[in-house]
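Order of appearance sets the numbers: ligands from 1, and atoms from 1 within every ligand.
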Amino acid sequence: MVSIPRSNTPALVQLLQWVLNPLGYMRTNFQRFGDCFQAEIDPVNPEPLILLNHPEAIQYLLTHDTTKEITSPGALNILAKPLLGENSMILLNGKQHRQRRQLVVPPFHGERMKAYGESIYTIAREVMATWEIGKPFYIRDAMQQITMRVILQVVFGLYEGERYRRLERLLAQRLNLITTPVTSIFVFFPQLMIDLGPWSLAGKVRRLVQETDELIYAEIQERRAKPNPDRTDILSLLLSARDEEGQGLTDAQLHDELMTLLIAGHETTATALAWAFYWVHRLPEVFSKLMAELAVHRDTPDRMAIARLPYLTAVCNETLRIHPVALVTFPRRVEKPLQIQGYDLEPGTQMMGCIYLLHHREDLYPDSNTFRPERFIERNYSPYEFLPFGGGVRRCVGAALAMYEMTLILSTILNECDLELLETEEVKPVRRGGTLAPKGGIRMCLR
Ligand code: HEM
């Protein structure tokens with residue numbers, strides 16, 4: 001029996017390295033062990049956890065995750081519960097998970113996307129209009145303002161009015177409490193969140209959770225009381241959905257799913273956009289090529305056509321490759337003894353696709369630390385070689401919306417604003433909760 005290689009660094013030290021310096025942790029283990037290794041980084045589940053970065057292994061994982069061999073139990077994502085609630089699709093299993101996805105996925109595709117295009121364009125211009133010439137601002141914060149409004153529009157069908165303004169502010173405040181690698185520790189060790197009064201971190205989180213919940217439940221009550229069959233937002237779809245027994249979703253289920261979409265749906269995209277602005281303004285050659293492509297299509301009213309521009313798309317793909325916002329996929333679980341990469345895995349073992357290491361394999365992406373969008377034009381990468389949105393049964397439900405937002409927001413702002421990057425040193429990626437984000441948020445200003 002051939003076992004997966006593992007480091008003899010104590011588990012607690014590995015977990016701290018994973019939280020405080022995730023890239024260093026992954027690179028060191030990749031250099032020592034290669035395509036797959038055991039990582040002792042799960043603070044909750046005692047079963048072994050394997051990180052895979054070879055495309056063939058990842059393909060096996062993500063094409064077998066609904067079989068008798070491999071599953072994707074929601075319980076393995078328990079760390080998301082304090083933020084999203086136990087009824088979030090991220091914590092559901094099997095049939096329940098599949099049914100919830102069937103409800104949520106359709107509005108993120110097809111005709112609805114056209115309507116979102118107009119909202120994205122309008123919201124980007126609204127936020128852009130608040131920038132003052134010569135006054136520095138953080139591009140990540142600005143992007144978060146845009147993506148938050150977009151997701152409020154998609155989920156609730158509105159982003160104006162007192163309730164939405166408050167929700168926007170409270171969600172941003174709540175997420176901003178865990179923006180540094182050190183505060184991210186609380187995501188991995190929720191037991192350290194001890195409520196020592198209103199000024200402690202736990203006290204602040206408790207107050208914010210309470211206030212956010214009140215707003216979301218108030219919206220649910222109002223919509224239940226006055227149903228409008230013409231509305232096409234996600235809350236309306238979820239409110240009218242019935243399962244095989246004719247049962248609708250409870251208030252708690254609706255609340256948790258709305259929170260999931262609101263949070264998963266804007267943080268990640270804002271970070272990806274901030275990186276895209278950084279690279280485009282750091283590399284003059286990329287800037288010129290992109291501006292030349294955008295100039296030709298400047299007056300195209302068809303937003304879907306803009307979103308398909310080849311160099312713009314390549315810039316967005318390369319952004320998601322070089323600093324993937326999600327470092328790993330959600331864990332999958334081995335149910336029957338199986339072999340991966342010649343190693344024997346026992347039932348109970350957890351496996352995650354390591355997106356960061358996959359995206360930095362020199363055999364797939366030569367000179368992998370160089371930002372070079374052309375690689376996506378010269379070659380077609382398979383879904384198991386380029387994996388920013390994961391795959392299989394838990395593939396990101398918002399992948400198409402995120403790409404649409406990235407291309408439209410980037411093109412709208414570049415077409416209308418002359419921005420300057422104020423960072424002279426290279427900006428490093430650091431942990432931000434469960435994601436990887438630019439350290440400091442990237443300062444820019446309008447010229
Ligand atoms: C650049 C932006 C984004 C990135 C990089 C990203 C990445 C990911 C990744 C890697 C996963 C895990 C997939 C797996 O385990 O195989 C995921 C899942 C998920 N994402 Fe995204 N995402 C982004 C934007 C969004 C948006 C805009 C939404 C919603 C509107 C969203 C909602 C979700 C949800 C609900 C799941 C869980 C799916 C499930 O459990 O079945 N994400 N995302």
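Listed by chain and number, the protein N, O or S atoms at a distance under 2.8 Å from atom 21 (Fe) of ligand 1 are Cys396 SG.
With a 4.0 Å cut-off on non-hydrogen atoms, Met406 does not touch ligand 1 at all. Contacts between Val104 and ligand 1 below 4.0 angstrom, taking non-hydrogen atoms only, are absent altogether. Of all the heavy atoms of Arg332, the ones lying under 4.0 Å from any atom of ligand 1 belong exclusively to the side chain. Of the heavy atoms in His266, none comes closer than 4.0 Å to ligand 1.
Heavy-atom proximity to Phe108, at under 4.0 Å, picks out these atoms of ligand 1: 30 (C). For ligand 1, the atoms sitting less than 4.0 Å from at least one non-hydrogen atom of Ile151 are 30 (C), numbered in the order shown with element in parentheses.
In this structure, Phe386 has its ring center under 6.0 Å from that of Phe376.
Evaluated by nearest non-hydrogen atom to atom 7 (C) of ligand 1, the leading choice among Pro388, Pro324, Pro331 is Pro388.
Shown here is Tyr138, whose OH atom has no more than 12 heavy atoms of other residues, nucleotides or ligands within 6.0 Å. Crowding of Asn228 atom CG: a count of heavy atoms from other residues, nucleotides or ligands under 6.0 Å exceeding 12.
Checked by distance only, ligand 1 and Leu62 stay at 3.5 Å or farther apart across all their nitrogen or oxygen atoms. Of the polar atoms of Arg101, at least one N or O is found under 3.5 Å from an N or O of ligand 1, judged by distance alone.
Across Leu76, Asn45, Thr349, a single residue satisfies side chain to side chain contact (heavy atoms under 4.5 Å, CB included) together with Arg333, and that is Leu76.
In this structure, Arg6 fails the cation-pi test against Phe33, since its NZ or CZ atom is not both closer than 6.0 Å to the six-membered ring centre and inside 45 degrees of the ring normal. A cation-pi geometry, defined here as NZ or CZ lying under 6.0 Å from the six-membered ring centre and within 45° of its normal, does not hold between Arg140 and Trp275.
The protein atom (non-hydrogen) at minimum distance from atom 37 (C) of ligand 1 is Ile90 CG1, 3.6 Å. In this structure, the protein non-hydrogen atom closest to atom 40 (O) of ligand 1 is Arg394 NH1, 2.8 Å.
Look at Glu423 and Arg282 and you find no salt bridge, because none of the NZ, NE, NH1 or NH2 atoms lies under 4.0 Å from a carboxylate O. One finds a salt bridge joining Lys114 and Glu111 here, because a Lys/Arg side-chain nitrogen approaches an Asp/Glu carboxylate oxygen to under 4.0 Å. Between Arg223 and Glu219, at least one side-chain N (NZ, or NE/NH1/NH2) sits under 4.0 Å from a carboxylate O, which counts as a salt bridge. Under 4.0 Å is where a charged nitrogen must lie from a carboxylate oxygen, and between Arg375 and Glu378 no such pair does. Salt-bridge formation is not detected for the pair Glu318/Arg372: no Lys NZ or Arg NE/NH1/NH2 atom is positioned less than 4.0 Å from an Asp or Glu carboxylate oxygen.
Proximity of His97 to ligand 1 is established by a heavy-atom distance of less than 4.0 Å. Note on ligand 1: Val155 sits outside its first shell, no heavy atom being nearer than 4.0 Å.
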Are Ile413 and Met143 close enough, and set up right, to give a side chain to side chain contact (heavy atoms under 4.5 Å, CB included), and what steps lead you there?
-> CA-CA 11 Å; Ile413 294 177; Met143 291 304 114; 3.7 Å; yes
